[in-house]
Chemist: 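I am attaching a structure below and will ask some questions about it afterwards.
No hydrogens, no waters, no symmetry mates; every other heavy atom, side chains included, goes into these values. The structure displayed is predicted, hence computed values, not measured ones.
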Amino acid sequence: MPRPLTTQQDQDSQQEIRRAAAALGRRRLLTVTGAAAVLAFTTDLPGSAQAAEADARTAVRADPFTLGVASGDPQPGSVVLWTRLAPEPYEPGSGLPKARIPVRWELSHDRRFRRVVRRGTALAHPELNHAVHVEAEGLGADRVYYYRFRAGKWLSPVGRTRTAPAPGADIGELRLAAVSCQAYHHGYFTAHRHLAEEDVDLVFHLGDYLYEYAVDAHGGARGYTDRALPARFDRETVSLEEYRLRYALYKSDPDLQAAHAAHPFLVTWDDHETENNYADDVPEDGGSPEDFLVRRAAAYRAYWENLPLRRPQRPRGPDMRLYRRLRFGRLAQFDILDTRQYRSDQAYGDGWHHPGPESTDPARTMVGATQERWLIDGWRSSETLWNLVPQQVTFSERRSDGTSAYKVSMDAWDGAPASRDRLLAGAEAAGVENLMVLTGDVHKGYAYDIKRDFGDQDSRTVGTEIVATSVTSGKDGEDRPANWETYLAANPHMKFYNGHRGYVTVRLDKRQARADFRTVAVVTEPGAPVRTAASFATRVGEQGLHEV
């Protein structure tokens, strides 16, 4: 059960939400709009508190840009610019009055802002923890821009971003990166520092942007000796205030700030942004759905506040439409999935189990019926050469060993194979020829051929899956985990398996897609160099990975 919250204001707010949720009953028995409307009404939104507007020159007494800047969700003529004012990021309220604070922003062709193309003023609302989301419009397609913010006398760091190509643009190549799983208490974000220096057009964050677990005064495996983190971080996040503060801790990291400032991000969540291995309205260790939806509403709210997302993604209570589609010219379509909010509860109580009637039930789903139809319909209407699916958990079959008693993860797509089969059948019917799934979650780097029937290795290869290892989660790792030989022998479609930390880059062009697995040897100490552990390619019209 959630423990008491830290402030009377939070307690009162959460009690209102809990009463509303209890009156409504289980979310899945209601209309989504009905549940969301009641829960959103009791979640303090801009306008409901009638906050006055403050003069930034007097309201902001210290540097408010301690969490850096970010951009994301690029479209051909638009991009989201983000920052959050936080002079005291580790304190509730961030050291700011409960007032609206005007923040000026600029977008320029050059880093010195001699050729400014757009500028304006946004209001940082206290109800949104003084976060700013600017949807800069009227921009050129496929262009690099620089941006910055100003609050009072304070000027933010400069960020670099770029817009998407026009829908019909005939672009020759696209360079992207994928990251996931950045547990602050497991090490330094060295991978992000290297990622900031990569020549990529955009970055996909595939989930576990933060972890709800306690972080001690020494930063866990970081082993700080030059600072002591506040005791408020040394407990699991439950309330809105606690999630907000945890984002402040993570986003104060200079390496993560560098990656955000260098590239536009496209983000989706996994479980730890809320709670480990939750499924829809079912928490990890049981308990009432009503109580869990209170926590989920807080987690989703803090997620939106702290990442460069557009208005359609702003949550309503415990609901947030995160799956969405972006096209980059005629080269690539990205269908970004949400495999947490709508999934069936894990079969057999979660963990690793041999497949059985519960896990193979055709009614089971990883993304819900609506999202399944949305994805397949998007494939049918796709006119791009490549179709990429950035999502959270392992899509391909991953057997624990080569015996007939093998087990698979009930938290991955292996726990709902009927859902996977429906998508593969939909891709086949839609004529998708160049399919790539981008995955996070498992703290390892993998490369898979996606088989039409994983039980028959001679069946057609219908796509490829590239799994980005973690930024830090699992601590330092190793090149060959203890089960390296067992996994590769049990899963012939698995072409690569590596246990170090890092990220993956993918270069798409009209001939092939090339994936480079970029790793660092240690994360429990800062500054490790990056190397390429392996590179694989799959050719247009000839699905299947080969090492290069």
Side-chain angles (χ1 to χ4, degrees), residues 2 27-28 178-186 204-215 235-240 242-243 246-247 250 267-287 289 291-304 306-307 309 313 315 318-323 336-353 359 364-368 371 390-395 398 408-416 419 437-444 467-474:
R27 171 179 167 270
R28 63 169 55 98
V179 294
S180 69
C181 303
Q182 51 195 46
Y184 187 97
H185 59 295
H186 278 188
F204 288 95
H205 200 294
L206 302 174
D208 294 343
Y209 190 95
L210 60 66
Y211 281 67
E212 76 277 26
Y213 302 140
V215 180
R235 58 192 178 197
E236 186 169 336
T237 55
V238 172
S239 74
L240 177 58
E242 289 163 349
Y243 282 111
R246 191 59 55 88
Y247 278 103
Y250 276 60
V267 300
T268 187
W269 56 36
D270 193 18
D271 51 344
H272 288 288
E273 290 90 348
T274 303
E275 182 195 45
N276 179 56
N277 280 20
Y278 80 93
D280 191 7
D281 59 1
V282 181
E284 178 184 19
D285 296 323
D291 279 333
F292 179 68
L293 288 177
V294 174
R295 180 177 184 177
R296 203 178 86 172
Y300 285 12
R301 171 75 165 273
Y303 184 84
W304 187 84
N306 284 280
L307 290 165
L309 289 161
Q313 276 64 63
D319 299 291
M320 181 169 164
R321 168 70 181 266
L322 194 58
Y323 65 89
I336 303 168
L337 301 188
D338 174 358
T339 64
R340 283 294 160 189
Q341 190 174 181
Y342 316 103
R343 64 153 63 194
S344 303
D345 190 17
Q346 291 90 342
Y348 301 111
D350 208 355
W352 285 69
H353 297 274
S359 63
R364 293 189 58 76
T365 179
M366 286 295 291
V367 294
Q371 193 176 180
Q391 55 95 51
Q392 297 77 22
V393 295
T394 302
F395 185 81
R398 182 171 47 128
V408 294
S409 171
M410 294 296 115
D411 190 54
W413 287 82
D414 280 338
S419 187
V437 177
L438 298 176
T439 300
D441 180 58
V442 287
H443 311 168
K444 303 289 192 295
V467 182
T469 185
S470 64
V471 172
T472 58
S473 302

Chemist: Can you tell me how far the CG atom of Leu337 sits from the CG atom of Leu438, to the nearest 0.5 Å?
Modeler: 10.5 Å

Chemist: Picking from His443, His185, His186, what satisfies side chain to side chain contact (heavy atoms under 4.5 Å, CB included) with Thr472?
Modeler: His186

Chemist: Hey, what do you get for CZ (Arg343) to CD (Gln371), rounding to the nearest 0.5 Å?
Modeler: 11.5 Å

Chemist: I'd like to check Arg340 versus Val393 (side-chain heavy atoms, cut-off strictly below 4.5 Å). Are they in contact?
Modeler: yes

Chemist: Can you spot which of Tyr300, Tyr243, Tyr278 makes a side chain to side chain donor-acceptor pair (under 3.5 Å) with Arg295?
Modeler: Tyr243

Chemist: Can any side-chain N or O of Glu212 pair as donor or acceptor with the backbone N or O of Asp271 at less than 3.5 Å?
Modeler: no

Chemist: Of all heavy-atom pairs between Gly415 and Arg364, which one has the smallest distance, and what is that distance?
Modeler: O-NE, 2.8 Å

Chemist: Taking all non-hydrogen atoms of both residues into account, name the closest pair between Tyr348 and Ser359 and its distance.
Modeler: CE1-N, 3.7 Å

Chemist: What are the two closest heavy atoms between Glu275 and Phe292, and how far apart are they?
Modeler: OE1-CE1, 3.6 Å

Chemist: Which value, rounded to the nearest 0.5 Å, describes the distance between Thr237 atom OG1 and Tyr247 atom OH?
Modeler: 8.5 Å

Chemist: Rounded to the nearest 0.5 Å, how far apart are OG1 of Thr268 and OH of Tyr303?
Modeler: 5.5 Å

Chemist: Got a second to check how far Glu273's CD is from Tyr209's OH, nearest 0.5 Å?
Modeler: 10.0 Å

Chemist: At their closest point, which heavy atom of Leu206 faces which heavy atom of Ala178, and how far apart are they?
Modeler: CD1-CB, 3.9 Å

Chemist: Between Asp414 (side chain) and Arg398 (backbone), is there a donor-acceptor pair under 3.5 Å?
Modeler: yes

Chemist: Is there a donor-acceptor pair under 3.5 Å between the side chain of Arg296 and the backbone N or O of Asp280?
Modeler: yes

Chemist: Judged by atom type as modelled, is there a donor-acceptor pair below 3.5 Å linking the side chain of Tyr250 to the main-chain atoms of Tyr184?
Modeler: yes

Chemist: Supply the atom-to-atom distance Asn306 CG to Arg246 CZ, rounded to the nearest 0.5 angstrom.
Modeler: 12.5 Å

Chemist: For Cys181 and Ser470, work out which heavy atoms get closest and say how close.
Modeler: O-CB, 3.3 Å

Chemist: Any chance you could lay out the side chain to side chain contact (heavy atoms under 4.5 Å, CB included) test for Asp208 and Gln392, step after step, and finish with the verdict?
Modeler: CA-CA 9 Å; Asp208 294 343; Gln392 297 77 22; over 6 Å; no

Chemist: I'd like to know if the side chain of Glu242 reaches the main chain of Ser239, judged simply by a donor and an acceptor atom lying under 3.5 Å from each other, with no hydrogens or angles considered.
Modeler: yes

Chemist: Strictly distance-based, threshold 3.5 Å: is any side-chain N or O of Gln313 a donor or acceptor partner for the main-chain N or O of Trp304?
Modeler: no

Chemist: So do the side chains of Ile336 and Pro390 get within less than 4.5 Å of each other, counting heavy atoms only?
Modeler: yes

Chemist: Per the side chain to side chain donor-acceptor pair (under 3.5 Å) rule, which among Asp345, Asp270, Asp350, Asp285 passes with Asn277?
Modeler: Asp350

Chemist: Only counting residues at least two apart or in another chain, list the ones meeting side chain to side chain donor-acceptor pair (under 3.5 Å) with Asp441.
Modeler: none

Chemist: How close do Asp338 and Met320 get, heavy atom to heavy atom, and via which atoms?
Modeler: OD2-O, 4.4 Å

Chemist: Going by the angle between their ring planes, with limits at 30° and 60°, are Tyr323 and Tyr342 parallel, tilted or perpendicular?
Modeler: perpendicular

Chemist: Would Thr439 and Gln391 count as having a side-chain donor-acceptor pair, cut-off 3.5 Å?
Modeler: yes

Chemist: Using side-chain heavy atoms (C-beta onward) and a distance below 4.5 Å, is Trp413 in contact with Thr394?
Modeler: no

Chemist: Would a distance-only check, ignoring hydrogens and angles, find a side-chain to backbone donor-acceptor pair under 3.5 Å from Ser473 to Ala183?
Modeler: yes

Chemist: Within the side chain of Gln346, is there an N or O that forms a donor-acceptor pair under 3.5 Å with the backbone of Met410?
Modeler: no

